[in-house]
Amino acid sequence: MTSPSDLDPFAAAWVAGAQASLRGFDWPDASGPRAKVDEELRELDEAMAEGPSEAVASELGDVLFALVNLARHLGISPGAAVEGTRRRFEQRLAWVEDGLRSEGRRLSDADPSELEARWQAAKRALSKKA
């Protein structure tokens, strides 16, 4: 039998949540883990405001774990969701970079507002192709 420690972290978190659910420790629907995500994000913000520390890493872990629990309640594989986002990110970044390159520029030549505008244009352009 596979133990959670043999799995990737997202799958292990999913299994831990599912095992807790089987023992009666779970929310009845997705609204519980969704609220938990907000709570954990507030705690992460508080830890970050105090500066770099082990608490920041711990709170970030709590956010990720809460997101995995939300994914479990929604029936969405967190690993597949992240992989899809990674692919879209890489496509959009390449689109932005290609546009700048065609002007003889690099990403580092553009200011944040220009990069954001180009990113939004990439989202629109690439979503039409999908």
Side-chain angles (χ1 to χ4, degrees):
M1 180 174 189
T2 302
S3 75
S5 63
D6 296 332
L7 303 171
D8 72 79
F10 284 142
W14 179 293
V15 168
Q19 288 174 342
S21 181
L22 290 172
R23 296 195 305 271
F25 187 79
D26 204 357
W27 289 281
D29 58 42
S31 65
R34 178 59 188 90
K36 189 67 170 174
V37 168
D38 286 338
E39 174 190 326
E40 297 299 347
L41 283 169
R42 282 190 300 276
E43 291 176 6
L44 175 61
D45 288 342
E46 292 168 7
M48 289 172 56
E50 294 178 16
S53 70
E54 289 180 26
V56 173
S58 178
E59 294 301 340
L60 182 58
D62 291 351
V63 169
L64 293 169
F65 191 82
L67 286 168
V68 170
N69 269 316
L70 176 58
R72 182 175 55 81
H73 273 268
L74 297 172
I76 297 170
S77 163
V82 168
E83 178 59 18
T85 296
R86 182 199 58 78
R87 282 192 307 270
R88 287 189 306 278
F89 174 83
E90 289 177 349
Q91 291 169 344
R92 292 170 186 168
L93 183 61
W95 192 94
V96 170
E97 199 165 26
D98 289 347
L100 286 165
R101 191 178 300 115
S102 73
E103 299 168 9
R105 300 170 65 207
R106 298 179 313 218
L107 288 170
S108 59
D109 296 329
D111 66 38
S113 63
E114 180 184 2
L115 290 172
E116 178 61 23
R118 287 177 180 264
W119 187 264
Q120 294 304 320
K123 285 174 63 173
R124 288 188 300 275
L126 294 171
S127 69
K128 291 177 185 175
K129 291 180 181 181

How long is the span from the [atom1] atom in [X] to the [atom2] atom in [Y], to the nearest 0.5 Å?
{"X": "S102", "Y": "E97", "atom1": "OG", "atom2": "CD", "value": "11.5 Å"}
{"X": "F10", "Y": "S77", "atom1": "CZ", "atom2": "OG", "value": "9.0 Å"}
{"X": "R106", "Y": "R101", "atom1": "CZ", "atom2": "CZ", "value": "11.5 Å"}

- Task: Any pair with a residue in residues 86-118 that passes ring pair (Phe, Tyr, Trp, His ring centres under 6.0 Å), sequence neighbours left out, goes on the list, sorted by first then second residue, please.
- Result: F89-W119

- Query: Quick one: does S127's side chain have a donor or acceptor within less than 3.5 Å of a partner on K123's backbone?
  - Reply: yes

- Item | S21 (side chain) donor-acceptor with G17 (main chain) under 3.5 angstrom | no

- Message: So, using salt bridge (Lys or Arg N to Asp or Glu O under 4.0 Å) as the criterion, who are the partners of E114 when residues are at least two apart?
- Response: R105, R118

- Who are the salt bridge (Lys or Arg N to Asp or Glu O under 4.0 Å) partners of R72, not counting sequence neighbours? D26

- Query: Do other residues, nucleotides or ligands put more than 12 heavy atoms under 6.0 Å from E103 CD?
  - Reply: yes

- Task: Quick one: do F65 and K36 satisfy side-chain contact (heavy atoms from CB on, under 4.5 Å)? Show the steps, please.
- Result: CA-CA 10 Å; F65 191 82; K36 189 67 170 174; over 6 Å; no

- Which pair of heavy atoms, one from L107 and one from L93, lies closest together, and at what distance? CD1-CD1, 3.8 Å

- Message: With salt bridge (Lys or Arg N to Asp or Glu O under 4.0 Å) as the rule and sequence neighbours excluded, what pairs involving residues 78-94 come up?
- Response: E83-R86, E83-R87, R86-E90

- If you measure from the Lys or Arg side-chain nitrogens to the Asp or Glu carboxylate oxygens, is any gap between D38 and R42 under 4.0 Å? no

- Message: Determine whether V37 and N69 satisfy the following criterion, side-chain contact (heavy atoms from CB on, under 4.5 Å), listing intermediate values before the conclusion.
- Response: CA-CA 9 Å; V37 168; N69 269 316; over 6 Å; no

- By side chain to side chain contact (heavy atoms under 4.5 Å, CB included), V56 pairs with (sequence neighbours left out) L44, A47, M48, S53

- Task: Just jot down the side chain to side chain contact (heavy atoms under 4.5 Å, CB included) partners of A30, sequence neighbours excluded, or say none.
- Result: L70, H73, L74

- Should V82 and L7 be counted in the same cluster of Ile, Leu, Val, Met, Phe, Trp and Tyr side chains packed under 4.5 Å apart? no

- Task: Treating Ile, Leu, Val, Met, Phe, Trp and Tyr as nodes and any side-chain heavy-atom pair under 4.5 angstrom as an edge, say whether I76 and L67 lie in one connected cluster.
- Result: yes

- Query: How about V96 and L115: do any of their side-chain heavy atoms sit closer than 4.5 Å?
  - Reply: yes

